[in-house]
Every structure is written in structure tokens, then in C-alpha cells.
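Written below as C-alpha cells is the structure these notes are about.
No experiment lies behind these values; they were computed from the predicted model shown. Quick note: residue numbers are just sequence positions, from 1.
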Amino acid sequence: MSLSTFTDYTCLSFQCPEHLSEILMAELAETGFESFQEKDHGFDAYIVKGQYNAEAVHDVVSRYRDQADISYEPKEVEMINWNEEWEKNYDPIVVDDKAIVRASFHQPDKDYKYDIVINPKMSFGTGHHHTTYLMLSKQMEIDHAGKSVLDIGSGTGILAIMAKLRGAAYVEAFDVGDWCVENSEENFALNNCRDIKVQQGTINDLTFSNTFDILLANINRNVLLVEIPHYANLLRNKESVLLVSGFFEEHIPDIIKIAEKGGLVVIDKQTRNDWALLTLAKG
């Protein structure tokens with residue numbers, strides 16, 4: 001989590017299944033919540049005191065109540081040093097014994113080939129969630145050397161950073177949130193990847209001068225079902241690949257169906273704790 005130091009916040013303590021936490025956090029971020037702290041059986045969501053909109057939260061939760069039991073309770077949080085609290089609750093994560101994802105206050109670890117520094121602030125993508133883990137793991141299997149990469153819905157910029165560390169010649173990223181763009185730029189600087197281009201907008205807002213060898217899209221299922229055909233048009237050739245995650249294993253058939261409409265075929269599938277990743281290519 002990352003909140004302004006010495007600021008009063010309202011905290012909503014959510015009880016929900018693990019598979020809904022990431023989706024709810026993404027939705028709540030759009031209503032003004034600044035940060036989140038995952039815990040057993042749910043998460044805590046924080047918003048500046050006075051900005052809490054109970055009706056907006058109710059609308060978000062009501063969209064998912066048919067999938068599982070979701071409950072939450074608001075409470076006022078007294079002024080404390082949030083930076084200190086964040087540091088106490090942010091642990092590094094190791095992916096496939098090859099990469100470590102840590103914050104800037106953690107010491108470097110030379111035991112891992114890839115050392116990625118991520119200060120997440122309000123953005124998503126620290127490697128702790130199963131979908132980010134899946135994407136990073138798959139990236140380490142794919143040859144990036146000399147290739148062009150597009151990170152769609154980049155969040156913290158972690159996947160773009162991994163692409164650069166893997167030897168990509170050109171990396172571009174974009175996200176709809178201005179805080180994500182700002183956070184990405186900060187993380188690019190922390191990892192000496194300042195040449196990564198990042199833009200704010202959606203796939204429909206932006207134009208790209210080139211096609212790409214590798215596309216990375218760790219977004220939610222609803223966005224993927226709309227946008228995958230657009231991603232297909234950005235693939236350079238039949239050797240190019242699109243990695244998609246952010247959905248459950250049970251939703252794989254839905255993703256495949258829309259991918260096929262875009263002329264794509266599945267060349268690999270991976271899962272982790274009911275979450276899925278598909279590697280797609282032009283058929």
C-alpha cells in the first residue's frame with residue numbers, strides 16, 4: 001500500500017473470496033480509493049476521509065454479489081505514518097527462482113537474475129497477484145531479444161520492465177489511469193528503463209506507429225472480451241505473440257472464442273490458483 005503520510009483515511013474492510021479481491025480493488029480504484037492491503041479472506045481499501053461515496057461502493061459490490069458472498073465495513077482511520085505501515089506489509093516476491101520483485105527499501109539480492117524494483121503506490125502489479133506472477137513467468141520463457149513490446153494496461157509498469165530486462169529493443173506501455181502512468185515512469189527510472197515510452201488512454205484513444213512482436217495484456221476479463229480483436233491488429237506477423245491474463249480458468253472458453261474471431265489461436269495455456277494465462281498468435 002502507499003498512502004500520503006499523516007493523512008486521515010476511511011477504511012473499508014472487505015470480506016470476500018480471494019479470486020474477487022483483485023477485480024474489486026480495480027473497480028474501487030476508479031471511485032477514488034487510493035490504496036489496498038490484502039489480507040486473509042479479503043482486503044482493506046483506503047480513501048481520503050470525506051471522499052468516501054457509499055453509493056458508488058454499493059454499485060461496485062452489487063455487480064459481483066451473484067458470484068460470491070461479499071461484505072464490507074467502513075471505519076475511520078486516525079492519522080499515522082502510512083509510508084512506515086506500507087514498508088512493514090510489503091514483502092519481496094520471487095518468481096520461478098529467477099526474478100525477485102521488491103520495493104526500493106529492500107536490499108538488492110544478487111541470487112536472482114532479474115531484480116525488479118516496484119513501488120506500487122495506487123497502481124496494480126507487484127507480482128504478488130497470481131496473474132502478474134503468471135505473466136512474469138511466461139515472459140522469462142519467451143525470447144525478447146531485439147524485439148518490440150507493448151504493455152497494455154501497464155499499472156506499475158512491471159511487465160514492461162521485465163521486457164526491457166529480457167533484452168527487448170523497444171518497449172511501449174499505456175494505461176487509462178493518470179496515476180498508473182506517473183507510477184510507471186517512477187518505476188522505469190528506479191530500474192534504469194527510462195527509454196520505455198508510456199502513454200495515458202485506452203486502445204481506442206491511442207495510435208501506434210508500428211506493430212509489435214510481443215503484446216502483454218494483464219487486464220480483467222470484460223476488457224479482454226472487447227479489446228482482443230484490436231490487439232490482434234497490432235501483432236507484427238505470425239511469429240508474434242499476445243499474452244493475456246486477468247481471468248479465471250473457467251473463463252478460458254470465452255477468451256478463446258473472442259480470440260478466434262480476431263484470427264488468433266492458442267499456442268499455450270498456464271494456470272495458477274484458478275487464474276489463467278493464454279499465449280495467442282495469428283492463425
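When only modelled atom types and interatomic distance are considered, Thr202 and Asp205 share a side-chain donor-acceptor pair under 3.5 Å. Checking Ser62 against Asp59 by side-chain atom types alone, no donor-acceptor pair falls below 3.5 Å. A donor atom on one side chain and an acceptor atom on the other are found under 3.5 Å apart for Glu18 and His130.
Side-chain contact between Ser21 and Cys16 is present, with at least one heavy-atom pair separated by less than 4.5 Å. Taking 4.5 Å as the limit, some side-chain heavy atom of Ile161 sits within range of a side-chain heavy atom of Phe188. Looking only at side-chain heavy atoms (C-beta outward), Leu28 and Phe14 come within less than 4.5 Å of each other. Annotation: side chain of Asn187 is not in contact with side chain of Ile158 (no heavy-atom distance under 4.5 Å). Using a 4.5 Å heavy-atom threshold, the side chains of Ile258 and Asp254 count as separate. Inter-residue side-chain proximity for Ile252 and Val266 is flagged as unmet; no heavy-atom pair is nearer than 4.5 Å. Proximity of Asp268 to Val241: side-chain heavy atoms (C-beta onward) are nowhere separated by under 4.5 Å. Residues Ile255 and Leu225 are in side-chain contact: their nearest non-hydrogen atoms beyond the backbone lie under 4.5 Å apart.
A distance-only check finds no donor-acceptor pair linking the side chain of Ser137 to the backbone of Tyr133 [under 3.5 Å]. Judged by distance alone, with hydrogens and angles left aside, the side-chain atoms of Asn183 form a donor-acceptor pair with the main-chain N or O of Asn119 at under 3.5 Å. A donor-acceptor pair is defined here as one N or O able to donate and one able to accept, closer than 3.5 Å; such a pair exists between the side chain of Asp213 and the backbone of Ser148. Under a 3.5 Å cut-off, the side chain of Gln270 and the backbone N or O of Leu134 do not form any donor-acceptor pair. The backbone N or O of Met140 lies less than 3.5 Å from a partner atom in the side chain of Arg166, making a donor-acceptor pair. A donor-acceptor distance shorter than 3.5 angstrom exists from the side chain of Asp175 to the backbone of Gly155, with no hydrogens or angles considered. Without hydrogens or angle criteria, Asp109 side chain to Asp111 main chain gives a donor-acceptor distance under 3.5 Å.
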Going through the checks in order, is the side-chain contact (heavy atoms from CB on, under 4.5 Å) test met by Tyr52 and Val57?
CA-CA 8 Å; Tyr52 169 48; Val57 173; 3.7 Å; yes

Evaluate side-chain contact (heavy atoms from CB on, under 4.5 Å) for Met162 paired with Met135, printing each intermediate quantity in order.
CA-CA 10 Å; Met162 176 59 87; Met135 294 290 283; over 6 Å; no

Could you walk me through whether Phe174 and Phe208 pass the ring pair (Phe, Tyr, Trp, His ring centres under 6.0 Å) test, one step at a time?
CA-CA 11 Å; Phe174 71 89; Phe208 305 93; 5.8 Å; yes

Report the C-alpha separation of Arg221 and Phe248 in whole Å, then their side-chain angles, then the decisive distance to 0.1 Å, and conclude whether the side-chain contact (heavy atoms from CB on, under 4.5 Å) test is met.
CA-CA 8 Å; Arg221 168 180 168 267; Phe248 301 119; over 6 Å; no

What do the steps show when you test Lys164 against Asn192 for side-chain contact (heavy atoms from CB on, under 4.5 Å), and what is the final call?
CA-CA 10 Å; Lys164 199 66 182 176; Asn192 297 315; over 6 Å; no

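To the nearest 0.5 Å, atom CD1 of residue Ile214 and atom NZ of residue Lys147 are 5.5 Å apart. Rounded to the nearest 0.5 angstrom, Ile118 CD1 and Ser184 OG are separated by 8.0 Å. Between atom CD1 of residue Ile70 and atom CD of residue Gln15 there is a gap of 11.5 Å, rounded to the nearest 0.5 Å. Between atom CG of residue Leu159 and atom CG of residue Leu136 there is a gap of 5.5 Å, rounded to the nearest 0.5 Å. Taking CG of Asp97 as the reference point, atom NZ of Lys113 lies at 14.0 Å (rounded to 0.5 Å). How far CH2 of Trp275 is from CG of Asn218: 9.0 Å, rounded to the nearest 0.5 Å.
By the 6.0 Å contact criterion, CD on Glu73 is open, its count of non-hydrogen atoms from other residues, nucleotides or ligands being 12 or less. The number of heavy-atom neighbours closer than 6.0 Å to CG of Asp274, taken from other residues, nucleotides and ligands shown, is 12 or below. The environment of CG in Asp69 is sparse: at most 12 heavy-atom neighbours from other residues, nucleotides or ligands sit within 6.0 Å.
Residues Leu215 and Val223 share a single hydrophobic cluster, defined by chaining ILVMFWY side chains whose heavy atoms lie under 4.5 Å apart. Following chains of ILVMFWY side-chain contacts shorter than 4.5 Å, one can reach Ile228 starting from Ile256, so the two form part of one hydrophobic cluster. Hydrophobic clustering (ILVMFWY, side-chain heavy atoms < 4.5 Å, transitive): Leu264 and Ile219 are in one cluster. With hydrophobic clusters built from ILVMFWY side chains whose heavy atoms lie under 4.5 angstrom apart, Leu224 shares a cluster with Leu234. Side-chain heavy atoms closer than 4.5 Å link hydrophobic residues (I, L, V, M, F, W, Y) into clusters, and following such links, possibly through other members, connects Ile116 to Leu243.
Here the closest heavy-atom approach between residue Pro229 and residue Val226 is recorded as CD-O, 3.7 Å. Considering all non-hydrogen atoms of both residues, Glu249 and Thr271 come closest at CD-CG2, 3.6 Å. The shortest non-hydrogen separation linking Gly32 to Ile47 is O-CG1, 3.5 Å. Here the closest non-hydrogen pair linking Val171 and Ala163 is CG2-CB, 4.2 Å.
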Please set out all donor-acceptor pairs under 3.5 angstrom arising from side-chain atoms of residues 276-283, sequence neighbours excluded.
unit_1: Lys282; atom_1: NZ; unit_2: Leu235; atom_2: O; d: 3.0

